[in-house]
Amino acid sequence: MYQEISEQEAIRRNSLKELEALGINPYPAEAYKVNVNTSEIHTNFPTDNNLYQEISIAGRIMTRRIMGAASFVDLQDSFGRIQLYIKRDEICPGEDKTLYNTVFKRLLDIGDIIGVTGYVFITQMGEISIHVKSLKILSKSLRPLPVVKEKDEQVFDAFSDPEARYRMRYVDLIVNPEVRDIFVKRNKIISIMRSFFNESDYLEVETPILQPIPGGAAARPFITHHNALDMPLYLRIANELYLKKLIVGGFEGVYEFAKDFRNEGMDRTHNPEFTVLEIYVAYKDYFWMMEYVEQMLERVALGLHKQTEVTVGNHKIDFKSPFRRLTMNDAIQEYAGVDISGKTEKELAEICKSMNIAIDPSMGKGKLIDAIFGEKCEHHLIQPTFIMDYPIEMSPLCKRHRTNPELTERFELFVNGKELCNAYSELNDPIDQLNRFQDQLSLSQKGDDEAMFIDMDFVRALEYGMPTCSGMGIGIDRLTMFMTNQPSIQDVLLFPQMRPEKKSMPTGDPDEAFVKIGVPESWVEVLRKQGFKTTAQLKEANPNKLLNDLGGLRKKMKLDIPALKLEDIKSWIEA
RNA sequence: GAUUCCGUAGCUCAGCAGGUAGAGCACAUCCCUUUUAAGGAUGGGGUCCUGGGUUCGAAUCCCAGCGGGAUCACCA
């Protein structure tokens with residue numbers, strides 16, 4: 001296939017060929033021995049200048065400053081950058097200066113990956129650098145990298161187009177060190193949580209992503225099809241039911257970092273696939289879980305920032321425990337100024353109307369209360385706040401409140417006006433559970449398309465007996481957004497979902513196709529330049545005009561090839 | 001889904017009372033043995049997102065489409 005390339009890419013492809021002609025493999029197979037990284041050098045060298053006198057290091061060329069027979073290169077590895085000092089007579093001790101003059105100065109580019117040996121020293125300008133004794137090409141880069149420069153915190157020519165950054169995350173990671181840092185932090189958040197759970201001796205498990213019944217949450221699933229079984233399967237929207245079956249099975253605590261999938265809208269806080277941590281612990285209740293969450297988040301914040309206070313947008317959010325606790329009724333009382341306790345569905349609908357909150361007939365009591373809460377309360381909850389005791393209709397998997405049968409023992413943790421965690425004292429009464437599923441069924445008949453499906457295997461598991469148990473789910477993407485102060489979920493996902501890139505790639509004909517109809521090879525490039533990407537296009541052309549145009553281009557491009565005659569062009573068109 | 005803004009060189013952007021494009025960095029050539037967002041000189045590089053329309057003439061005005069951002073709605 002013919003691929004259109006820019007001038008800079010063509011130059012790099014030429015350099016590639018020249019390297020090969022010099023007997024240099026631009027993509028060598030053998031391992032390159034590395035004995036130090038940039039971070040170790042910057043940390044240790046200042047205190048002991050005798051260190052690192054025989055090093056071998058590899059990385060990507062990020063900038064070059066060539067001053068005749070000596071040059072400076074910024075080399076970037078996984079940990080940062082270091083300057084290389086490359087002197088011609090040092091890497092080319094004999095008469096042959098090809099390695100410096102041709103290979104390094106002309107055939108290497110920003111973006112190429114090299115390995116060097118040498119020793120660490122400090123330049124006259126006071127910068128820790130590597131005096132290079134030998135240099136080896138490890139990978140030639142064929143595309144020019146955006147060159148981002150920085151001085152005194154000011155960034156020049158940043159690679160900032162969000163579309164390009166998300167689609168080509170590899171480029172983003174190469175040139176934007178703060179992006180790499182977000183993903184290092186994301187990993188740190190997960191590993192802190194994992195060790196926190198493991199210290200409690202809870203078991204990390206894996207449960208099915210392809211599920212015959214998409215249970216455990218209210219959401220629209222993705223559907224797929226299994227050929228051998230000839231049946232539909234759903235991508236999981238939650239793993240809650242499977243984890244509770246494992247509690248029935250006798251594990252005291254289980255957790256899973258799970259990818260969930262929801263076929264819903266996308267925006268700054270929603271991606272179709274996202275990561276959730278769910279944990280279930282036997283013999284606990286939601287009060288215990290609140291304390292556990294407090295400890296966990298405090299530890300994550302400390303692990304990342306060495307303090308509990310975290311900057312999120314314009315707010316300073318303090319994850320120091322304990323967090324504020326507020327029942328849902330009290331929250332609505334406090335922020336909306338109405339008392340909803342004991343109100344009927346009709347009365348609640350009236351309240352919504354009086355507050356100009358949009359409702360529809362499919363909404364049950366639970367959804368109405370949730371609407372009031374969402375509209376009037378959520379955005380006030382900036383500092384971490386537990387909202388407790390949700391109406392029973394909106395929590396079909398949650399245990400009834402121990403003192404009020406209208407409510408459930410459920411809490412959500414709100415941070416910066418957004419839900420972060422969701423947790424229950426889990427419902428373990430199989431008869432109540434079946435009834436609640438049936439209520440969901442009638443909600444769904446009423447028109448609520450997210451009401452839950454009935455999972456009879458889950459009910460059967462409960463019939464064998466599940467210990468009292470508390471479970472909690474937390475969105476890892478949102479947690480990462482808070483902990484790294486990113487306003488968009490796309491910035492905490494390595495590869496956020498995007499519409500496929502329209503390859504406006506000119507699916508032009510290859511050289512051979514043109515040659516086949518009689519076009520001399522040397523003229524193919526000129527024809528493309530003139531806009532003829534396929535032989536079919538060429539056949540539509542006016543031969544006189546084409547002769548003129550091509551002649552003009554030949555002159556403009558200073559081509560040293562014989563001029564065309566009208567008969568030549570006519571013969572292509574007639575071929 | 002609605003509203004709105006954006007799409008020009010490899011990157012970041014300018015150009016838009018309509019006359020077929022400019023800058024900085026990057027790239028190329030030459031000169032420079034320690035520089036640091038960094039030399040100096042010269043030069044090359046663009047289906048101005050796509051397709052229609054208005055016009056003698058469209059990067060510029062109009063319509064449609066594609067892609068992206070933001071806000072809202074939906075959704076946790």
Side-chain angles (χ1 to χ4, degrees), chain A residues 4-12 14-15 62-74 81 83-90 100 105-106 109-111 121-127 129 131 141-168 171 175 217-220 237-238 260 262-272 274 276 358 360 370 374 378 394 412 414 418-422 449-450 473 475 477-478 487-490 496 498-504 506 508 528-533 556-558:
Chain A
E4 198 150 6
I5 57 172
S6 69
E7 182 194 35
Q8 290 195 46
E9 288 173 273
I11 289 167
R12 283 169 181 242
N14 266 332
S15 301
M62 298 307 287
T63 72
R64 300 197 300 167
R65 296 177 286 280
I66 296 175
M67 334 285 305
S71 302
F72 295 88
V73 166
D74 280 354
R81 290 189 184 189
Q83 175 171 271
L84 308 180
Y85 173 63
I86 299 177
K87 202 170 163 182
R88 184 185 63 204
D89 298 335
E90 193 81 38
Y100 184 82
K105 274 171 70 173
R106 205 159 59 73
D109 290 288
I110 289 175
F121 75 111
I122 295 182
T123 63
Q124 289 177 9
M125 298 300 288
E127 177 156 350
S129 306
H131 189 115
S141 165
L142 296 181
R143 287 179 186 260
L145 222 46
V147 177
V148 181
K149 298 191 174 179
E150 186 246 309
K151 160 117 177 161
D152 299 334
E153 308 279 294
Q154 200 187 347
V155 178
F156 300 81
D157 301 322
F159 178 58
S160 55
D161 175 33
E163 181 174 359
R165 287 182 47 230
Y166 301 148
R167 287 196 196 280
M168 297 190 286
V171 176
V175 302
R220 274 189 287 274
I237 55 173
D260 286 348
R262 297 189 182 176
N263 202 343
E264 287 162 356
M266 293 167 60
D267 60 30
R268 228 170 59 243
T269 54
H270 298 264
N271 193 66
F274 59 103
V276 170
D360 69 74
D370 193 39
E378 274 189 26
M394 45 191 296
E412 293 191 336
F414 284 84
K418 290 263 156 34
E419 176 204 339
L420 182 59
C421 301
N422 184 20
D449 60 355
E450 327 173 310
D477 311 295
R478 285 194 188 172
S488 168
I489 197 170
Q490 296 175 108
M498 298 214 122
R499 282 208 159 79
E501 205 171 351
K502 256 273 177 46
K503 270 274 160 276
S504 63
R528 290 212 179 94
K529 194 110 191 151
Q530 192 57 41
F532 294 91
K533 312 284 189 199
K556 189 180 167 203
M557 293 166 76
K558 299 187 185 106

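Reminder, nothing fancy here: chain letters follow the sequence lines and each chain counts from 1.
- For the P atoms, the distance linking B/rG69 with B/rC56 amounts to 41 Å, nearest Å.
- Proximity of A/Lys149 to the phosphate of B/rA26: a side-chain N or O atom is located under 4.0 Å from OP1 or OP2.
- Taking NE2 of A/His270 as the start and CZ of A/Arg268 as the end, the distance is 10.0 Å to the nearest 0.5 Å.
- Residue A/Arg106 has no polar side-chain atom (N or O) positioned under 4.0 Å from OP1 or OP2 of B/rA28.
- In this structure the side chain of A/Asp161 never reaches within 4.5 angstrom of the side chain of A/Phe159, judged on heavy atoms.
- For B/rG43 and B/rU50, the P atoms lie 30 Å apart once the distance is rounded to whole Å.
- Straight-line distance between the C1' atoms of B/rU20 and B/rC48: roughly 10 Å, to the nearest whole Å.
- When the P atom of B/rU35 is taken as reference, atom CZ of A/Arg81 falls 20 Å away, rounded to whole Å.
- To the nearest 0.5 Å, the span separating CD1 on A/Ile5 from CD1 on A/Ile11 amounts to 10.0 Å.
- The side chain of A/Tyr166 lies closest to B/rG69, out of B/rG69, B/rG67, B/rU36.
- For A/Tyr100 and B/rU34, the OH to P distance is 10 Å, given to the nearest whole Å.
- B/rC27 and B/rG10 have their C1' atoms separated by 9 Å, with the value rounded to a whole Å.
- Put simply, A/Arg143 has no side-chain N or O that comes within less than 4.0 Å of OP1 or OP2 on B/rG10.
- Distances from the side chain of A/Ala70 to the nucleotides B/rA73, B/rC32, B/rU33 place B/rU33 closest.
- Contact of A/Gln83 with B/rU35 (side chain to base): a donor-acceptor pair of N or O atoms is detected under 3.5 Å.
- Annotation: B/rA41 and B/rA58 have their P atoms spaced 39 Å apart (nearest Å).
- Between A/Arg64 atom CZ and B/rA37 atom C1' the separation is 17 Å, expressed in whole Å.
- In a base pair of the Watson-Crick type (N1 to N3 plus N6-O4 or O6-N4) or a G-U wobble (N1-O2 and O6-N3), with each distance short of 3.5 Å, B/rG67 is matched with B/rC6.
- In this structure, CD1 in A/Ile489 is found 7.0 Å from OG1 in A/Thr269, a value given to the nearest 0.5 Å.
- Spacing of C1' atoms, B/rC32 relative to B/rA70, comes out at 49 Å, to the nearest Å.
- Between B/rA37, B/rU33, B/rG44, one nucleotide has an atom nearer to the side chain of A/Lys87 than all others, and that is B/rU33.
- Nearest nucleotide to the side chain of A/Phe159, out of B/rC11, B/rA38, B/rU34: B/rC11.
- Side-chain atoms of A/Gln8 come within donor-acceptor range of the base of B/rA26, with a qualifying N/O pair under 3.5 Å.
- For A/Thr123 against B/rU35, a side-chain-to-base donor-acceptor contact under 3.5 Å is present.
- Nearest nucleotide to the side chain of A/Glu7, out of B/rG45, B/rU33, B/rU35: B/rG45.
- Contact check for A/Phe274 versus A/Arg262: side-chain heavy atoms found under the 4.5 Å cut-off.
- Nucleotide B/rG1 forms a pair with B/rC72, judged by Watson-Crick or G-U wobble geometry with both contacts under 3.5 Å.
- Checking B/rC27 for Watson-Crick or G-U wobble geometry (two distances, each under 3.5 Å) identifies B/rG43 as its partner.
- Straight-line distance from the CE atom of A/Met266 to the P atom of B/rC72: 17 Å, rounded to whole Å.
- Computed from coordinates, the A/Ile66 CD1 to B/rA26 P distance equals 11 Å when rounded to whole Å.
- Side-chain proximity of A/Arg220 to the nucleotides B/rU36, B/rC74, B/rG67 is greatest for B/rC74.
- Spacing between atom CD of A/Glu9 and atom C1' of B/rG10 amounts to 8 Å, rounded to whole angstrom units.
- Remark: the separation of the P atoms in B/rA9 and B/rA23 is 14 Å, to the nearest Å.
- Mapped onto RNA chain B by nearest heavy atom, A/Ile110 and A/Ala164 fall at different nucleotides, with A/Ala164 at the one closer to the 5' end.
- B/rG1 atom P lies 14 Å from atom CG of A/Asp267, rounded to whole Å.
- Taken from CD in A/Glu419 to CD in A/Glu378, the straight-line distance is 7.5 Å, to the nearest 0.5 Å.
- A distance of about 40 Å separates the C1' atoms of B/rG1 and B/rG22, rounded to the whole Å.
- Counting non-hydrogen atoms under 4.0 angstrom, A/Glu150 reaches the backbone sugars and phosphates but no base.
- The side chain of A/Asp157 lies closest to B/rU12, out of B/rU12, B/rA70, B/rC32.
- A/Gln490 is not listed as a side-chain neighbour of A/Asn271, based on a closest heavy-atom distance of 4.5 Å or more.
- Computed from coordinates, the A/His270 NE2 to B/rC72 P distance equals 12 Å when rounded to whole Å.
- Between A/Lys149 and A/Met62, every side-chain heavy-atom pair lies at or beyond the 4.5 Å cut-off.
- Comparing atom distances between the A/Asp161 side chain and each of B/rG68, B/rU12, B/rG10 picks out B/rU12 as nearest.
- Of the listed nucleotides (B/rC27, B/rA37, B/rC32), B/rC27 has the atom at the smallest distance from the side chain of A/Ile11.
- At B/rG68, one or more side-chain N or O atoms of A/Arg499 fall inside 4.0 Å of OP1 or OP2 (strictly under the cut-off).
- Along RNA chain B, the nucleotide nearest to A/Tyr85 and the one nearest to A/Ala158 differ in position, and the one closer to the 5' end is contacted by A/Ala158.
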